[in-house]
Amino acid sequence: MKKLLGIIGMVFLLFACGTTGKQHSAKQNLANEERDTLSYEQRRKYNYFFLEAVRLKQKGEYDAAFELYKHCLDIYPGSAPALYEISQFYMVLGQEQKGEEALKKAVRSDESNFWYKQTLAAYYQRKRDWAKAIAVYDDMAHQFPSRLEPLMALVDLYNQTKSYAQVVSVLNRLEELDGKSEQISMEKFRMYLLMDNQEQAFNEIESLSKEYPYDLRYQTILGDVYLNNDKLEEAYAVYQRILKEEPGYAPALLSMASYYKQLGKDSLYRQQLDTILLNEDVESNTKMEIMRQLILQSEQTTKDSTQIVSLFKEILDRPQQNADLAMLCAQYMITKHMEKESVLVLNQVLSLDPENKPARLQLLSYAIRDNNLDEVIRVATPALEYNPDAMEFYYYLGLAHYQKEETDKAMEIFQQGLKQVNEKSDKGIVSDFYAILGDLYHSKEMKAEAYAAYDSSLVYNPNNIGTLNNYAYYLSVERTNLDKAEEMSYKTVKAEPENATYLDTYAWILFEKKRYTEARIYIEQAMKNGGDSSQVIVEHCGDIYYMSGEKEKALEYWKKADRMENKEEDGATPRTEAELKRLKRKIALKKYIE
């Protein structure tokens with residue numbers, strides 16, 4: 001038994017912790033023994049063992065606690081607290097019959113304990129023994145007339161047994177305790193309909209509206225109940241009465257639209273919807289719900305977006321409470337591939353809600369796709385104020401300035417973005433930030449800062465291929481720390497063995513280390529994988545052939561490089577005049593020049 005109890009200990013803990021706290025404390029249990037037939041010595045022993053059992057149970061020593069509770073019952077078989085506790089052990093052990101018997105004994109021993117009875121009733125409910133559960137809850141409802149829980153449980157149980165008259169009776173008792181409410185009246189209405197008592201059903205809703213004569217919501221509910229049960233004349237009369245009292249009342253206007261729709265009067269239905277959608281006093285949420293319904297209806301029938309878009313435009317031409325409708329319109333246009341039209345609406349969204357990140361990102365994506373650097377800057381710049389923790393805006397804004405050769409501004413943006421880094425930041429993105437910052441520093445001949453930025457990039461992502469390649473190449477150009485350069489460059493070649501740029505970098509590092517045979521292998525691979533279209537790689541190929549002893553081939557590649565257009569390659573700036581002059585000198589002298 002001890003082994004079994006130890007295994008189920010954690011299960012019991014979860015089960016017991018949810019109930020023990022509200023049922024009784026140990027001291028209350030000892031104080032509330034009603035029929036104390038024990039002698040002084042028996043009482044002393046019982047108290048000691050019961051409190052010790054409680055302590056052991058709280059420590060998780062369930063096997064020992066179980067034995068002590070049994071010992072308590074040996075001393076005092078009628079102890080309600082001990083019977084209750086032992087019943088829970090039996091339930092967890094799967095010995096439900098013993099658990100039920102102990103629980104019933106606990107209830108008989110302490111009839112005044114609400115929680116014992118609640119536990120017993122809930123047990124019967126779980127077993128779907130509706131009759132026994134109802135009996136216990138009904139007894140509780142009479143014994144504890146001010147408690148709502150037994151009545152709520154009875155409503156559910158009588159529904160399960162289709163005892164609709166009893167449901168109504170319990171709901172009436174709930175109303176006496178808690179007052180008339182929409183939920184209770186609607187449930188009674190439903191019960192009366194199930195009992196085929198329509199007159200009483202509608203009387204119930206009318207009674208609710210009379211209870212709150214100045215609350216137009218209940219009046220509207222009455223009309224909706226009539227409408228949903230094909231009492232069209234009665235529904236119309238209620239709606240007109242409401243609108244006469246308050247012409248702009250949105251729920252009644254919406255119900256009138258439903259009324260026209262049910263009658264099949266489509267033109268009046270549309271007209272009524274327009275009245276709501278173009279009414280500035282109607283809440284945005286109501287308009288949103290209507291537009292969603294119209295979109296769904298359109299998709300299920302004609303799929304014609306013209307009417308939907310036209311209606312959106314009419315709505316958005318008026319003052320807006322918030323950006324919700326504009327955002328819904330933009331999303332609809334995007335799904336309909338109306339990107340050009342969506343741009344205007346997305347900008348309207350941002351004018352209403354500058355912090356709307358999805359709208360700003362959508363506009364940014366269009367600008368990036370079109371390589372519209374000025375638009376990238378226009379969209380992303382305000383985001384640094386409204387979405388300061390969104391790293392993507394710093395990234396694309398910095399790149400836009402970089403591509404416009406506004407290096408100082410680009411550096412400022414990336415440095416500002418890095419100030420937003422915290423423990424939750426995406427390490428890959430942070431690594432890219434440092435990588436670009438390293439490139440920027442290097443372009444300004446700030447080599448120490450560049451290498452520090454590259455090191456930081458590799459701290460956040462040791463496998464950042466772009467960082468590894470650029471870092472390695474710049475080290476090789478300066479002929480410093482070539483072992484480190486080779487190690488980094490080899491990682492890039494291993495990761496992307498057909499990347500001409502990475503192959504060229506690795507070949508050049510081997511060249512600088514005077515390992516010309518190996519360098520030739522990798523430069524040839526670079527040329528086969530598209531490097532023959534790069535002026536730099538073609539010239540490198542000539543250099544490597546020259547140092548490998550093939551001077552004629554070297555001259556051939558230098559001449560080819562000289563004929564090629566001097567242009568930006570892989571984000572790098574075009575070659576300097578000094579570099580181009582050096583290439584011509586190689587050709588003229590027919591030899592390699594460092």
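Remember, it's a predicted structure, so these values are computed and weren't measured experimentally.
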Side-chain donor-acceptor distances from residues 332-339 under 3.5 Å, at least two apart:
residue : atom : partner : partner atom : Å
Thr335  : OG1  : Tyr332  : O            : 2.6
Lys336  : NZ   : Glu299  : OE2          : 2.8
Glu339  : OE1  : Arg369  : NH1          : 2.6
Glu339  : OE1  : Arg369  : NH2          : 3.3

Exercise for review: With sequence neighbours left out, write down each residue that passes ring-ring contact (aromatic ring centres under 6.0 Å, His included) with Tyr451, or none if nothing qualifies.
Suggested key: Tyr471

**Study point:** Main-chain N/O of Arg318 paired with Gln320 side-chain donor or acceptor, under 3.5 Å
**Key:** yes

Check your understanding: Is the number of heavy atoms from other residues, nucleotides or ligands within 6.0 Å of CD (Glu233) greater than 12?
Key -> no

Exercise for review: Would you list the pairs meeting ring pair (Phe, Tyr, Trp, His ring centres under 6.0 Å) in which at least one residue belongs to residues 234-266, sequence neighbours left out?
Suggested key: Tyr236-Tyr259

Point to revise | Which residues share a salt bridge (charged side-chain N to carboxylate O under 4.0 Å, His left out) with Asp317, sequence neighbours left out | key: none

Practice item. Please check if the side chain of Asn469 supplies one atom and the backbone of Ile465 the other of a donor-acceptor pair under 3.5 Å. Key: no

Practice item. Can you spot which of Leu177, Asp178, Asn172 makes a side chain to side chain contact (heavy atoms under 4.5 Å, CB included) with Glu175? Key: Asn172

**Study point:** Side-chain donor or acceptor of Asn229 paired with backbone N/O of Val225 under 3.5 Å
**Key:** yes

**Study point:** Residue pairs involving residues 408-427 (criterion salt bridge (charged side-chain N to carboxylate O under 4.0 Å, His left out); sequence neighbours excluded)
**Key:** Asp408-Lys444, Lys409-Glu412

Practice item. Please step through side chain to side chain donor-acceptor pair (under 3.5 Å) for the pair Ser443 and Tyr402, ending with a clear verdict. Key: CA-CA 11 Å; Ser443 71; Tyr402 188 15; 5.0 Å; no

Exercise for review: Flag yes if more than 12 heavy atoms outside Tyr269 fall under 6.0 Å of its OH atom; otherwise flag no.
Suggested key: yes

Point to revise | Test item: Glu187 side-chain N/O and Leu171 main-chain N/O as donor-acceptor pair under 3.5 Å | key: no

Practice item. Check whether any side-chain heavy atom of Glu341 sits under 4.5 Å from a side-chain heavy atom of Val309, and report yes or no. Key: no

Exercise for review: Ignoring hydrogens and angles, tell me if any N or O in the side chain of Ser298 forms a donor-acceptor pair with the backbone of Leu294 under 3.5 Å.
Suggested key: no

Review point. Counting distance only, does the side-chain N/O of Gln272 pair as donor-acceptor with the main-chain N or O of Leu253 below 3.5 Å?
Key: yes

Revision key, fill the gap. Sorted by chain and residue number, the salt bridge (charged side-chain N to carboxylate O under 4.0 Å, His left out) partners of Glu524 (sequence neighbours excluded) come out as Arg520

Exercise for review: Might you point out which heavy atoms bring Ile537 and Met527 nearest each other, and give the distance in Å?
Suggested key: CG2-SD, 4.0 Å

Study note, to complete from the structure: Applying ring-ring contact (aromatic ring centres under 6.0 Å, His included) to Tyr522 and not counting sequence neighbours gives Tyr506

With a cut-off of 3.5 Å and sequence neighbours excluded, list every side-chain donor-acceptor pair involving residues 205-212.
residue : atom : partner : partner atom : Å
Glu206  : OE2  : Tyr226  : OH           : 2.3
Ser209  : OG   : Glu206  : O            : 2.8
Tyr212  : OH   : Lys180  : O            : 2.7

Check your understanding: Does CE in Met152 sit with more than 12 non-hydrogen atoms of other residues, nucleotides or ligands closer than 6.0 Å?
Key -> no

Practice item. Evaluate whether atom CD of Glu283 has more than 12 neighbouring non-hydrogen atoms of other residues, nucleotides or ligands under 6.0 angstrom away. Key: no

Exercise for review: For the pair Asp504 (side chain) and Ala500 (backbone), establish whether a donor and an acceptor sit closer than 3.5 Å, ignoring hydrogens and angles.
Suggested key: no

Exercise for review: Please say whether more than 12 non-hydrogen atoms of neighbouring residues, nucleotides or ligands are located less than 6.0 Å from OH in Tyr490.
Suggested key: no

Revision key, fill the gap. Across all chains, not counting sequence neighbours, the salt bridge (charged side-chain N to carboxylate O under 4.0 Å, His left out) partners of Glu149 are Arg147

Study note, to complete from the structure: The side-chain contact (heavy atoms from CB on, under 4.5 Å) partners of Asn356 (sequence neighbours excluded) come to Met327, Val349, Leu350, Asp353, Pro358, Ala359

Give every donor-acceptor pair under 3.5 Å between a side-chain atom in residues 390-398 and any protein atom, sequence neighbours left out.
residue : atom : partner : partner atom : Å
Glu392  : OE2  : Lys357  : NZ           : 3.4
Tyr394  : OH   : Pro388  : O            : 2.8

Check your understanding: Is the backbone N or O of Gly531 less than 3.5 Å from a side-chain atom of Ser534, with the two atoms forming a donor-acceptor pair by type?
Key -> no

Check your understanding: Going by distance alone, is a donor N or O of one side chain under 3.5 Å from an acceptor N or O of the other, for Glu375 and Asn372?
Key -> no

Exercise for review: Could I get the full list of salt bridge (charged side-chain N to carboxylate O under 4.0 Å, His left out) partners for Glu246, not counting sequence neighbours?
Suggested key: none

Point to revise | Donor-acceptor contact present, side-chain Asn387 to main-chain Glu355, <3.5 Å | key: yes

Practice item. Examine distances only and state if a side-chain atom of Gln321 and a backbone atom of Ser284 form a donor-acceptor pair shorter than 3.5 Å. Key: yes

